Colleague: 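Below: one structure in structure tokens.
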Amino acid sequence: MGFGAPHRHFHRTDSTNERAKVLALAGAPGGLVVTADEQTAGRGRRGNEWFAPPGSCLLYSGLLRPFSAERAPLLPLAVPVAVCEAAESVAPVRCRLKWPNDVWVDERKVAGVLVEARPDEGWAVIGVGVNVAIPRGDFPPELRDTATSLLPTEGEDGVPPGGAPGVRRALELLNESLGRWVAASGDEVLAAFRARDALCGRRISWQDGEGVAEEIDDRGHLVVKRADGERIVLGAGEVHLAVKR
Ligand code: BTN
């Protein structure tokens, strides 16, 4: 399926995911994309707020419809693979993935994914935030060591009216790559994700424990080996992972 038609762009809105959900409930077709220059209530995973200075980021929500429960487990892995491909065409970067769906450049987060699915109603909203051209000094102090941007600028000239040029290019490329990856087989998604996986072999911790990440299993879960030798299987919805550096 294709993404990008229809396309609703907001100069400022609460959350593109929220706008896409409202449009989905009103019967919008699959392929709808909602974007914004600025969000006042951008949503991240686990109830976090999503930081994005106006005009410097791709703030994107695509409506996948039809969508069924069988496709649900691997969709959160297919989307970041699509984001990696789009990002690598926008900038000279190599993207890797921090399971379940953070996109990293040089071990710093450059994009995040928030899928909000209603399989019983036959649709899912695919939310993607990509830091395209955030001036280095514009990251808040708490994100400076862990976040980055595809085209980091020094910000002397500010963001031009209508947004940074890389943002429009990122939108076009994401529409294309997302269309391909939501249609890919489970095996293709898993192989592509594993090829970019940044965690396996590394020490990680989560709310209830720590261990060494071993593999992404065929259901898209992360298998971790604890110090006592026990293997734990983590599901994407449950955990906040920290990587030992
Ligand atoms: C994460 O926590 O890593 C996921 C972040 C997802 C943010 C994007 S920005 C566009 C879309 N609209 C939202 O409110 N959230 C997603």
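Bear in mind that the values here come from a model prediction, so they are computed numbers and not experimental data. Just follow the structure's listing: the first ligand is 1, and inside any ligand the first atom is 1.
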Colleague: How many angstroms lie between CZ in Phe10 and CZ in Arg19, if you round to the nearest 0.5 Å?
Modeller: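 It comes to 6.0 Å.
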Colleague: May I ask you to check whether over 12 heavy atoms, not counting those of Glu121, lie within 6.0 Å of atom CD?
Modeller: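 Result for CD/Glu121: enclosed.
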Colleague: Could you list the atoms of ligand 1 found under 4.0 angstrom from a heavy atom of Tyr60?
Modeller: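 Under 4.0 Å from Tyr60, ligand 1 has these atoms: 10 (C), 11 (C).
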Colleague: Quick one: CD on Glu116 to CZ on Arg45, what's the gap to the nearest 0.5 Å?
Modeller: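 Glu116 atom CD to Arg45 atom CZ measures 12.0 Å (nearest 0.5 Å).
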Colleague: So do Arg118 and Phe67 actually touch side chain to side chain, heavy atoms under 4.5 Å?
Modeller: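 Heavy-atom side-chain distance check fails, nothing below 4.5 Å.
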Colleague: Compare Lys98, Glu116, Arg43 and give the one whose heavy atom is closest to atom 14 (O) of ligand 1.
Modeller: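 The nearest heavy atom belongs to Arg43.
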Colleague: Output all residues satisfying side chain to side chain contact (heavy atoms under 4.5 Å, CB included) with Ser68, sequence neighbours left out; order by chain, then residue number.
Modeller: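 Per chain and number, Ser68 pairs via side chain to side chain contact (heavy atoms under 4.5 Å, CB included) with Glu70, Arg71.
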Colleague: Does CZ belonging to Arg196 count more than 12 external heavy atoms closer than 6.0 Å?
Modeller: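 Result for CZ/Arg196: enclosed.
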Colleague: Arg94 and salt bridge (Lys or Arg N to Asp or Glu O under 4.0 Å): which single residue from Glu107, Glu88, Glu85 fits?
Modeller: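 Of the listed options, the one satisfying the test is Glu88.
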Colleague: If we set the cut-off at 4.0 Å for heavy atoms, which region of Val113 has an atom near ligand 1: side chain, backbone, both, or neither?
Modeller: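 The backbone, only.
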Colleague: I need the nearest protein heavy-atom contact for atom 5 (C) of ligand 1: residue, atom name and distance, please.
Modeller: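 Atom 5 (C) of ligand 1 sits closest to the protein heavy atom Trp50 CE3, 3.3 Å.
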Colleague: Could you list the atoms of ligand 1 found under 4.0 angstrom from a heavy atom of Gly42?
Modeller: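 Under 4.0 Å from Gly42, ligand 1 has these atoms: 14 (O).
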Colleague: Is it the side chain, the backbone, both or neither of Cys57 that has a heavy atom closer than 4.0 Å to ligand 1?
Modeller: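 Contact part for Cys57 vs ligand 1: neither.
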Colleague: Backbone or side chain, does any N or O of Gln39 fall under 3.5 Å from an N or O of ligand 1?
Modeller: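 Yes, since at least one N or O of Gln39 sits under 3.5 Å from an N or O of ligand 1.
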Colleague: In the protein, which heavy atom is nearest to atom 11 (C) of ligand 1, and how far is it?
Modeller: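 Nearest neighbour among protein heavy atoms for atom 11 (C) of ligand 1, to 0.1 Å: Thr16 OG1, 3.2 Å.
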Colleague: Is it true that Lys109 lies under 4.0 Å from ligand 1, counting heavy atoms only?
Modeller: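 Judged by the 4.0 Å heavy-atom criterion, Lys109 does count as contacting ligand 1.
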Colleague: Once you restrict to heavy atoms under 4.0 Å, what part of Val128 touches ligand 1? Side chain, backbone, both or neither.
Modeller: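 The backbone, only.
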Colleague: Would Glu214 and Arg231 pass as an ion pair if we require N to O under 4.0 Å?
Modeller: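 Salt bridge present between Glu214 and Arg231.
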Colleague: Around atom 2 (O) of ligand 1, find the nearest protein heavy atom and jot down its residue, atom name and distance.
Modeller: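 Here the nearest protein heavy atom works out to Arg45 N, 2.7 Å.
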